[in-house]
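Take a look at the structure below.
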Amino acid sequence: MSDDTFSAMRKSILDGASDTASELAKHALAAGIAPLDAINNGYVPGMQEVGEQFAHGQMFLPDMMASAEAMRAALTVLEPELKKHGEERPSAGTVVLGTTKGDIHEIGKTLVGTLLSAHGFRVHDLGVDVPGEKFASKARELKADIVGVSALLTTTMKNQKGVIEELAKAGLRSHVKIIVGGAPVSRRWADEIGADGYAKDAMSAVALARELMERKSQGAVKELS
Ligand code: B1M
């Protein structure tokens, strides 16, 4: 039954059918399908196929926008379910999150934020097309533990480095851990620009954020002793 549902979800994204995507998400929850399974096995494969078709000239920008809308419609139904448990816990840390300057892709970044919230992190989402200075000023204001920077374009990846430079300029680099991610980003790129970590997907971002918080608190203990 799930396989049929997942393939209908995939198709709703390819068709850019927001109503169907949203209805399927509601049915999935009612049928006891875990929201993250619906996202990872149904909707995300649809998005990946959209990307492939776009790259091969089989789909055009308006279609890709309709697919993004359908994805958003599904996530609007699923995200509150994902978030539910995080609100009941003590804060695991404060994260300032955004998509880098020049880049308006928000779906993956928002999913990362949702899962971090679901796992107890306080997440401040700055949105898309965010300049480095804004990451730095919000991180200072909120005394953020982690700054997360998403980039989906090969042309905007370099702006992740710009965010790290802005944090250094603001004197925050030693207090704030930096996570980078997004489809064209790799561990190698993260190392090259001096980020503290790279996560390939939203669940890995949660694991990484936890690990970095652990390292942060060990550092604090060392400083005290
Ligand atoms: Co655009 N787009 N797009 N697009 N788009 C891509 C990225 C592309 C690969 C498509 C393609 O050609 N195959 C291509 C980039 C090529 C490149 O740079 N190498 C591309 C292009 C070219 C463009 C435009 C330039 C098109 C044009 O105008 N001619 C334009 C750029 C606009 C801009 O930003 N300035 C553009 C526009 C758009 C839309 C507006 C239509 C729409 C975005 C709508 C929106 O977000 N509101 C869109 C979409 C939907 C895509 C694809 C199809 C899907 C992206 C997505 O939402 N995936 C994408 C193709 C693809 O990625 N396969 C494509 C689903 C999402 C769950 O996955 O975002 O990868 P993802 O996030 C994952 C991980 O990457 C990771 O976790 C997430 C969840 O598991 N992750 C992180 C993400 N951020 C993270 C941060 C972290 C950690 C992990 O820590 C902080």
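In each ligand, atom 1 is the first atom listed, and ligand 1 is the first ligand listed. If you read the sequence from its start, that first residue is 1, and numbering goes on from there.
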Which bit of Val128 is near ligand 1, meaning a heavy atom under 4.0 Å away: side chain, backbone, both or neither?
neither
To check you understand the geometry: which heavy-atom pair defines the closest contact between Leu126 and Lys138, and what is its length?
CD2-CG, 3.8 Å
For Thr155, is at least one N or O under 3.5 Å away from an N or O on ligand 1?
no
Protein contact of atom 84 (N) of ligand 1 - nearest heavy atom, named by residue and atom, plus distance:
Ser150 OG, 2.8 Å
Does atom NZ of Lys177 have more than 12 heavy-atom neighbours, drawn from other residues, nucleotides or ligands, at distances under 6.0 Å?
yes
Note, Tyr198 side chain near Ile179 side chain (heavy atom, < 4.5 Å)
no
Which ligand 1 atoms, with their elements, are less than 4.0 angstrom from a heavy-atom of Ile179?
90 (O), 91 (C)
Is Ala202 in contact with ligand 1, taking contact as a heavy-atom separation below 4.0 Å?
yes
Consider every N or O of Val149 and every N or O of ligand 1, then say whether any pair is closer than 3.5 Å.
no
When you measure from the side chain of Ser67 to the backbone of Ile13, do you find a donor-acceptor pair of N or O atoms at a distance under 3.5 Å?
yes
Honestly, for Met203 the part within reach of ligand 1 (heavy atoms, under 4.0 Å) is neither
Are there protein heavy-atom neighbours of atom 41 (C) of ligand 1 below 4.0 Å?
yes
Atom indices of ligand 1, in the order listed, that fall short of 4.0 Å to a heavy atom of Gly182
75 (O), 81 (N), 82 (C), 83 (C), 84 (N), 85 (C)
Would you verify that at least one protein heavy atom lies under 4.0 Å from atom 9 (C) of ligand 1, or report that none does?
no
To the nearest 0.1 Å, how far is atom 46 (O) of ligand 1 from its closest protein heavy atom, and which atom is that?
Glu106 N, 2.8 Å
In the structure I gave you, are the side-chain heavy atoms of His124 and Thr94 within less than 4.5 Å of one another anywhere?
no
Identity and separation of the nearest protein heavy atom to atom 50 (C) of ligand 1
Met47 CE, 3.6 Å
Evaluate the side-chain proximity of Val147 to Val95: yes if any heavy-atom separation is below 4.5 Å, no if none is.
no
Around Arg140, counting heavy atoms of other residues, nucleotides and ligands shown, do more than 12 lie under 6.0 Å from its CZ?
no
Sole candidate of Arg215, Arg173, Lys216 that passes salt bridge (charged side-chain N to carboxylate O under 4.0 Å, His left out) when paired with Asp196
Arg173
Under 3.5 Å, N or O to N or O, is Ala199 touching ligand 1 that way?
no
Going by the order shown, which atoms of ligand 1 are within less than 4.0 Å of some heavy atom of Asp103?
34 (O)
Could you check atom 28 (O) of ligand 1 against the protein and tell me its nearest heavy-atom contact, residue, atom and distance included?
Leu61 CD2, 3.7 Å
Find out whether Ile146 and Ile178 are in side-chain contact, i.e. whether some heavy atom of one side chain is under 4.5 Å from a heavy atom of the other.
no
Could you go step by step and tell me if Glu214 and Arg210 meet the salt bridge (Lys or Arg N to Asp or Glu O under 4.0 Å) rule?
CA-CA 6 Å; Glu214 187 82 30; Arg210 282 178 163 163; over 6 Å; no
When distances are taken from atom 74 (C) of ligand 1, the protein heavy atom at minimum range is Lys200 O, 3.4 Å
Quiz question for you: does at least one protein heavy atom lie closer than 4.0 Å to atom 24 (C) of ligand 1?
no
Can you tell if the side chain of Phe6 reaches within under 4.5 Å of the side chain of Pro45, non-hydrogen atoms only?
no
If we only count heavy atoms from C-beta on, is the Val44 to Arg10 side-chain gap below 4.5 Å?
no
Which of the numbered atoms in ligand 1 are below 4.0 angstrom from a heavy atom of Asp201?
76 (C), 77 (O), 80 (O)
Would you mind checking which non-hydrogen protein atom is closest to atom 44 (C) of ligand 1, with the distance to 0.1 Å?
Ala68 CB, 3.5 Å
Give me the residue, atom name and distance of the protein heavy atom closest to atom 33 (C) of ligand 1.
Ile104 CG1, 3.4 Å
Enumerated ligand 1 atoms positioned under 4.0 Å from heavy atoms of Gly148:
91 (C)
Specify the closest pair of heavy atoms between Ala183 and Leu152, including all atoms of both residues, with the distance to one decimal.
CB-CD1, 3.7 Å
Consider every N or O of Gln48 and every N or O of ligand 1, then say whether any pair is closer than 3.5 Å.
no
Donor-acceptor pair, distance only, cut-off 3.5 Å: does the side chain of Gln160 make one with the backbone of Gly181?
yes
Flag for Ser204-Asp201: side-chain donor and acceptor within less than 3.5 Å
yes
At a non-hydrogen distance cut-off of under 4.0 Å, which region of Val112 contacts ligand 1 (side chain, backbone, both, or neither)?
side chain
Which heavy atom of the protein is the closest neighbour of atom 71 (P) of ligand 1, given with residue, atom name and distance?
Gly108 CA, 3.9 Å
In the structure I gave you, are the side-chain heavy atoms of Leu82 and Leu36 within less than 4.5 Å of one another anywhere?
yes
Is_contact(atom 48 (C) of ligand 1), protein non-hydrogen, under 4.0 Å:
yes
Just checking, is any N or O donor in the side chain of Glu79 or Thr114 under 3.5 Å from an acceptor N or O on the other one?
yes
Which pairs of donor and acceptor atoms, one on a side chain in residues 51-61, lie under 3.5 Å apart (sequence neighbours left out)?
residue	atom	partner	partner atom	Å
His56	ND1	Glu52	O	2.8

Under-2.8 Å neighbours of atom 1 (Co) of ligand 1, protein N/O/S atoms only
1
